[in-house]
Amino acid sequence: MRYLALLFVALAGSLSAQMPPYENPLSAEPPYYRVRYEASTKPGELVYPVSYTVWLPPGVKTLRGVIVHQHGCGEGSCKSGQTGAFDLHWQALAKKHDSALMAPSYEQPDKANCQLWCDPRNGSDAAFQKALADLGAKSGHPELATVPWALWGHSGGGNWAGGMVLLHPDRIAAAWLRSGVPPLKPIEGRLAPYTISEAACQVPVMCNLGTKEGVTVKEGRFAGGWPGVDVFFTEMRAKGALIGVAVDPLTSHECGNQRYLAIPWLDVCLSARLPEKNRRFAEAHAIRQCLARAAVSR
């Protein structure tokens with residue numbers, strides 16, 4: 001009996017040791033596809049492993065866009081990203097617009113530095129774009145690498161999505177920033193604040209946070225939410241940006257029922273901004289890249 005007990009303990013230990021911390025029990029069989037990249041030790045590249053799962057509307061011939069559902073900071077939030085592409089509400093939005101639905105899952109250890117992925121300049125921008133190309137090849141939809149992006153992000157994911165708007169405004173149809181925005185003021189220990197370009201001001205952006213994040217409740221862990229959003233909104237609007245603020249009257253930092261506003265808002269934006277012909281968008285993007293390279297070489 002003692003032998004069996006010891007054997008059970010040994011087997012349990014062996015099995016737990018074989019289970020990676022971000023084991024995803026949901027298989028990625030078509031119409032789902034997944035790629036995963038190991039952490040990099042090279043300067044400027046992503047220091048955490050990451051997986052990207054994408055769902056494609058069954059029967060879609062040519063994708064017109066990709067909707068990105070970006071989780072927030074912390075191990076629990078990162079693990080929630082494993083199921084983002086399986087969300088039926090978001091799939092319905094993607095299907096309506098012949099778009100892919102992508103959900104990243106950054107394998108950030110508990111209490112590790114979230115900025116090392118939620119600031120896209122720390123390697124997650126490059127990893128994301130690599131994933132689009134690799135998933136496009138894997139799924140037989142190479143246009144995935146060039147179609148416009150509609151970004152939704154929560155907390156650190158809002159920081160990431162807003163940062164991508166400022167870095168790649170020509171690629172983005174719209175962005176919904178739930179409880180997180182990128183910094184426009186210097187913060188000690190972080191990369192330099194972003195600058196606002198004229199192109200970024202042409203992207204529809206909605207800042208959404210809970211009223212208990214410093215709007216009506218001004219104390220507690222998340223009370224700094226509104227001051228950060230206020231700075232971002234004020235500076236963007238001062239430059240003529242297409243930006244708004246929607247305060248959730250029921251929540252703090254959790255997402256609550258905000259999807260019932262986020263999804264219809266993105267629906268309108270996608271209807272207005274997705275190109276009818278992706279070739280035109282890809283050609284325009286290629287021209288902009290050539291012009292940018294030419295400007296750098298001068």
Side-chain angles (χ1 to χ4, degrees), residues 50 52-55 63-73 77-78 80-81 84-85 87 89-91 93-94 96-97 99-106 114 117-132 135 144-183 194 196-197 199-209 229 232-233 236 241-246 255 258-259 261-275 281 285:
V50 59
Y52 297 90
T53 304
V54 70
W55 174 83
L63 292 169
R64 299 176 60 224
V66 56
I67 299 167
V68 181
H69 194 276
Q70 181 55 66
H71 63 70
C73 294
S77 293
C78 292
S80 74
D87 188 296
H89 286 177
W90 288 95
Q91 285 184 5
L93 175 66
K96 179 178 179 179
H97 296 281
S99 295
L101 174 63
M102 173 190 268
S105 177
Y106 294 95
C114 180
W117 71 258
C118 75
D119 187 326
R121 298 170 294 180
N122 283 324
S124 56
D125 175 7
F128 167 70
Q129 295 201 54
K130 175 177 170 56
L132 289 175
L135 286 166
L144 187 59
T146 57
V147 294
W149 312 331
L151 307 179
W152 176 96
H154 171 235
S155 189
N159 186 327
W160 183 87
M164 293 294 277
V165 169
L166 298 174
L167 293 173
H168 304 291
D170 60 308
R171 299 297 310 273
I172 298 176
W176 181 279
L177 315 183
R178 169 69 188 190
S179 301
V181 294
Y194 293 91
I196 303 170
S197 67
C201 293
Q202 305 308 308
V203 179
V205 175
M206 183 63 73
C207 300
N208 168 238
L209 73 166
V229 169
F232 183 73
F233 170 80
M236 291 282 285
L242 300 176
I243 188 169
V245 174
C255 288
Q258 56 80 47
R259 68 169 57 208
L261 181 59
I263 290 176
W265 184 84
L266 287 168
D267 182 19
V268 171
C269 291
L270 290 169
S271 296
R273 287 175 56 81
L274 279 187
F281 181 89
H285 175 61

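Contact check for Gln129 versus Asp125: side-chain heavy atoms found under the 4.5 Å cut-off. By the 4.5 Å heavy-atom criterion applied to side chains, Met236 and Ile196 are counted as neighbours. Contact check for Arg171 versus Val165: no side-chain heavy atoms found under the 4.5 Å cut-off. Leu177 is listed as a side-chain neighbour of Phe232, based on a closest heavy-atom distance under 4.5 Å.
Between His71 and Trp160, the ring center distance fails the sub-6.0 Å criterion. Under the 6.0 Å cut-off for aromatic ring centres, Trp117 and Phe128 do not qualify, their centroids lying 6.0 Å or more apart.
The closest donor-acceptor contact from the side chain of Ser99 to the backbone of Arg64 lies at 3.5 Å or more, if one exists at all. Between the side chain of Arg273 and the backbone N or O of Val203 there is no donor-acceptor pair closer than 3.5 Å.
For the 3.5 Å distance criterion, the side chains of Gln70 and Trp176 fail to qualify, holding no donor opposite an acceptor.
Residues that satisfy the side chain to side chain contact (heavy atoms under 4.5 Å, CB included) test with Cys269, not counting sequence neighbours, are Ala174, Pro204, Trp265. Legend: residues meeting side chain to side chain contact (heavy atoms under 4.5 Å, CB included) with Phe233, ordered by chain and number and at least two apart, are Arg237, Ile243, Val245. With sequence neighbours excluded, the residues that form a side-chain hydrogen bond (donor to acceptor under 3.5 Å, both in side chains) with Asp267 are Lys96, His97.
For the atom pair Tyr194 OH and Asn159 CG, the distance stands at 6.0 Å (nearest 0.5 Å).
Tested against Leu101 for a side chain to side chain contact (heavy atoms under 4.5 Å, CB included), the candidates Val54, Ile67, Val68 yield a single pass: Ile67.
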